[in-house]
Every structure is written in structure tokens, then in C-alpha cells.
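Data block below; observations after.
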Amino acid sequence: MVKERTIVETRVGIVGAGPAGLMLSHLLYKAGIDSVVVEKRSHDEIANTHRAGILEAGTVKMLVESGVDGRVLTEGHEHEGTTLRFEGVSHRIDFQKLVGESVWLYPQNEVFVDLAAARKRDGGDVRYEVTDTQIVDLTSEQPKILCTSADGEDLEIRCRILIGADGSKGISKRQIPEDIRTDNFIEYPFAWFGILCEAPASAPELIYANSEHGFALISQRSDTVQRMYFQCDPNENVDDWDDERIWAELQRRIDGPDGLQLQRGKIFDKTVLPFRSYVCEPLRYGNMFLVGDAGHTVPPTGAKGLNLAFCDVRVLAPAIIDFFDKGDESGLAEYSAKALERIWKAQNFSYWATNLMHIQPGENPFNQKRRRGEFAAITGSERGSAYFAESYTGWPDN
């Protein structure tokens, strides 16, 4: 006997309760538009998944001005610049001087915690730990989310607009037929070996270091916990690296005549992050719209992932509001093309920064010396530095 489903009706159904899905739900609530969000993971699992976070000024503005929370300002760390270190020599890129903007160090999982708390505070309908999720009838006037709730109830969520915000491994983009969907994809021949450690910060801002031994990123997470990475083979086994070997490798990537020394401490998390870039085109199919990693991913070098997701939301939320409040479908019709303009700019910057800072396998002396020239062109010119600063802190909305 087929178990009968409980019908839930809402105007916007959202698959995925990461920052993109929750921010969209929050903005729609502020405009008086109801939504239902479903998520396969638990709240605690998402909250405790360590993710780096450099937030552009536009992302911080969204959080603060929409009334999510002020924690990003009180507990986040404003960075007015960053350091590019090449062959042991540091060059600071002064964001404020060059473009009048800052970025904030604030982990992505903390952004999730703030958004989840805001949705709970405002009575938002967010359902965690759902299983067997399907999305159907996407080209109809009533797309649906089918799933089973955490307590075993079979649900049919009927909506007018469906949002795929379920990340790079989600189901949403795969519902776009292959003869309509274009998967733009590249995989890089290297990865990042990442650690979290208990230590004071080694520098007040991020250090992006390139050396003959490969790339390293010296980042922070909090006053007492630091996040660092070094370039490695994608097949590297973390179990082959003890703490002493890791610290020695990181240190030799940043060694230079200034004697910069890393602050060391207990390493409590090790992981290898593969590098990929992906863009789905289009970002709309019928009445389903993709946002965030569901539609595109970037390597972390350019710090664009979460920020791009929020840019998607900044385009889509007003379009949805106009659709329901005014019956105006033009914003929805333009969403995919408009969002993709910025996505491809971000892909270009991320690709460029990644290839600037990393050593390619089998690289010859010409490539190494060419990179040295490119680095000199960026750091030795105010206009070159301004390009990096503007791209890193985020372009103004169109």
C-alpha cells in the first residue's frame, strides 16, 4: 500500500539550507513571501563543518542590513588588505587605499549559524534531516518537492517557484535535461592540504605565498585557531603527514630573507581539497532556479564561493518579489543571464589567481620566469594592484 503524502503549500520551495538557501528564505520573509526550506543534513552537522570564510563587503552588508545578526562585525575580523609573498618577499595589497573596501574573515559555518538563528527567530519553516528528496513538475505552474521528514512523514511540498540551493553534489542541476544543460568544467592538477591548528595568528592578514616548493596560504579562523594550506598532489594521503612534517613544509613555502616564522600549535584537523571549477548553463529550467554551488563552483584561491552565492541571491530575490507583488516576470526571465555575467568574471579571477600562485606539474623555466614577471606587474603597479584589490573585495552590483 502506497503511503499517502502530507501536502504542504508555499509560494517558494527551497532545496538546501546552506547560506544561499537560508539568505534567500530570509529576504523573502522580509518581503512578506512565505517559503519552505528542506535540507538533508542536520543543523549541527552544517554548523560544525569547518569552512573558510572571506566575506566581501557586499556580503557583510547583506547580513547586517537584512537584520540577520551583527556577529559578523563583532566577532569577524576586518581585513583592509592582504599579502602576496613571492620567493620569500612580501608585498601588501592595500584594499582600502586602492579601492576603498575591506573584506571580513568570518567562517562560512558561522554565517550559517546566524542565518539559521534568524529563520528560527522569525518562525521560518526550515526542515532539516529530510531524506529521499525528489523535485518534480519543474516546467509546470506548480513544481513540487517530495521528501520524508526527520520523523518519518512523507511530504509533498507544492510551490510556485522552486530553488535549487543544494550544493555541488545536489540533485537540482541534474534535473535540467542534458540537451538543455551545458556543464562547463575543469579540474586542476593540484589540491590543497589544509589544516586547522590551535595557535595564535602568524600575521594580521592572509598571506598568499608562492615559492619554488609550491603555494601556501597562511590564513586565520579566530584569535586562537588558525587555518593554513599548502599545494599538494590531489592523491595525497593525510595519514602520511605528521605534525612536524606539515609544519616544516609550510615553513619552507614561506621562508625568506625577512625571517618570517609561523606560529605553531596542535593540529586537530587535516584534509585534502581538490580544485575544480564548474558552471551550469542555464541557471533556470522551467520554474526552478539554481543558486550558489548548485550552479557553480570555484577554487578557493579567489575567495569567491560564498560571495558568489550571495550575489546570486541579490539578483534572484528582487526578481521573485516583483513576480509575486507585481506580476512582473522580467526579473525571473533575466536571472540566469544576469547572474552568469558575474559568475564568469569570478571564474576568470579565480582561474587567474590560482594559476598565478601555483606551480603546475612539470613546469619548465619559461613558465616559472613568466610568472615572476606577472607577479612583478601586479605588485609593482598601482593599477595592477587595484585590479587584484577590486576583484578580491568584490565588484559593484550591476
Side-chain angles (χ1 to χ4, degrees), residues 19-20 23-24 27 52-66 72-73 76 78-84 91-106 108 111 165 184 186 205-206 208 217 277-283 289-319 331 334-357 374 377-379 381-398:
M23 175 55 84
L24 180 58
L27 294 179
I54 290 292
L55 306 185
E56 296 174 357
T59 298
V60 173
K61 184 178 180 181
M62 283 182 75
L63 290 167
V64 175
E65 292 189 354
S66 68
V72 64
L73 298 180
E78 182 180 3
H79 287 188
E80 296 183 351
T82 196
T83 294
L84 303 184
H91 304 263
R92 184 171 184 267
I93 306 296
D94 189 330
F95 298 154
Q96 280 291 332
K97 177 183 176 182
L98 291 163
V99 296
E101 295 287 2
S102 295
V103 296
W104 272 257
L105 179 75
Y106 193 63
Q108 181 171 322
V111 175
N184 303 280
I186 62 167
E205 298 169 340
L206 273 63
Y208 289 82
L217 173 60
S277 294
Y278 171 80
V279 180
C280 176
E281 293 180 308
L283 297 173
F289 300 81
L290 302 179
V291 296
D293 284 2
H296 47 82
T297 59
V298 290
T301 321
K304 288 291 168 236
L306 174 61
N307 296 298
L308 262 188
F310 272 33
C311 289
D312 292 347
V313 172
R314 285 208 297 273
V315 176
L316 186 55
E334 296 166 0
Y335 166 70
S336 182
K338 188 172 182 180
L340 282 166
E341 285 183 16
R342 190 184 190 101
I343 289 164
W344 281 115
K345 283 177 67 175
Q347 288 287 359
N348 177 64
F349 174 68
S350 298
Y351 179 87
W352 169 76
T354 297
N355 284 285
L356 170 69
M357 300 304 300
E374 184 175 16
I378 298 163
T379 59
S381 160
E382 183 171 316
R383 291 180 179 177
S385 296
Y387 167 74
F388 186 95
E390 182 184 38
S391 301
Y392 195 90
T393 59
W395 304 282
D397 290 338
N398 295 331

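Checked by atom type, the side-chain pair H296/D312 shows a donor-acceptor distance below 3.5 Å. Y208 and Y392 are linked by a side-chain donor-acceptor pair at a separation below 3.5 angstrom, with hydrogens and angles left out of the test. Between the side chains of E374 and W352, at least one donor-acceptor pair of N or O atoms lies under 3.5 Å.
Scanning all heavy atoms of the two residues, the minimum distance from E390 to P396 falls at OE2-CD, 4.3 Å. Between E78 and S102, the shortest heavy-atom contact is OE2-OG, 2.7 Å.
In terms of the side-chain contact (heavy atoms from CB on, under 4.5 Å) criterion, residue partners of E101 (sequence neighbours excluded) are, by chain and number, A57, V99, T393. In this structure, E80 has no salt bridge (Lys or Arg N to Asp or Glu O under 4.0 Å) partners at least two apart in sequence or on a different chain. E205 is linked by a salt bridge (Lys or Arg N to Asp or Glu O under 4.0 Å) to R92, counting only residues two or more places apart in sequence or in another chain. Take E334 and apply the side-chain hydrogen bond (donor to acceptor under 3.5 Å, both in side chains) test, not counting sequence neighbours, and it matches no residue. For A309, the side-chain contact (heavy atoms from CB on, under 4.5 Å) criterion is met by A20, not counting sequence neighbours. Partners of N355 by side-chain contact (heavy atoms from CB on, under 4.5 Å), not counting sequence neighbours, listed by chain and number: Y188, Y351, Q360.
A cation-pi arrangement, defined by a distance under 6.0 Å to the six-membered ring centre and an angle within 45 degrees of its axis, is present between K304 and W395.
To the nearest 0.5 Å, atom CG of residue L84 and atom OG of residue S385 are 8.0 Å apart. Remark: I343 CD1 to C311 SG distance equals 9.0 Å, nearest 0.5 Å. C280 contributes atom SG, which lies 12.5 Å from atom CG of D293 (distance to the nearest 0.5 angstrom). In this structure, the separation between CG on L105 and CD1 on I54 is 4.5 Å, given to the nearest 0.5 Å. In this structure, OG on S336 lies 10.5 Å from CG on L316, to the nearest 0.5 angstrom. Residue D94 holds its CG atom at 11.0 Å from OG1 of T82, rounded to the nearest 0.5 Å.
Using a 4.5 Å heavy-atom cutoff, the side chains of Q108 and P19 are in contact. Within the 4.5 Å cutoff, side-chain heavy atoms of M23 are placed close to those of L63. Between P299 and S277 the shortest side-chain heavy-atom distance falls below 4.5 Å. Residues I93 and T83 fail the side-chain proximity criterion, which asks for heavy atoms closer than 4.5 Å. Side-chain atoms of Q96 and L98, non-hydrogen and from C-beta on, never get closer than 4.5 Å to each other. When side chains are defined from C-beta on, R314 counts as touching D397, because their heavy atoms get closer than 4.5 Å. By the 4.5 Å heavy-atom criterion applied to side chains, N184 and W344 are counted as neighbours.
Results of the side chain to side chain contact (heavy atoms under 4.5 Å, CB included) test with V60 over W104, F310, Y106 single out W104 as the only residue that passes.
Put simply, the side chain of N307 gets close to the backbone of E56: a donor and an acceptor are under 3.5 Å apart. Judged purely by atom type and a 3.5 angstrom limit, T59 has no side-chain atom pairing as donor or acceptor with the backbone of L55.
With a 6.0 Å radius and a threshold of 12 heavy atoms from other residues, nucleotides or ligands, E382 has its CD atom at or below the threshold.
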task = With side-chain contact (heavy atoms from CB on, under 4.5 Å) as the test, would you mind laying out the steps for L356 and I378 before giving the verdict?
result = CA-CA 10 Å; L356 170 69; I378 298 163; 3.5 Å; yes
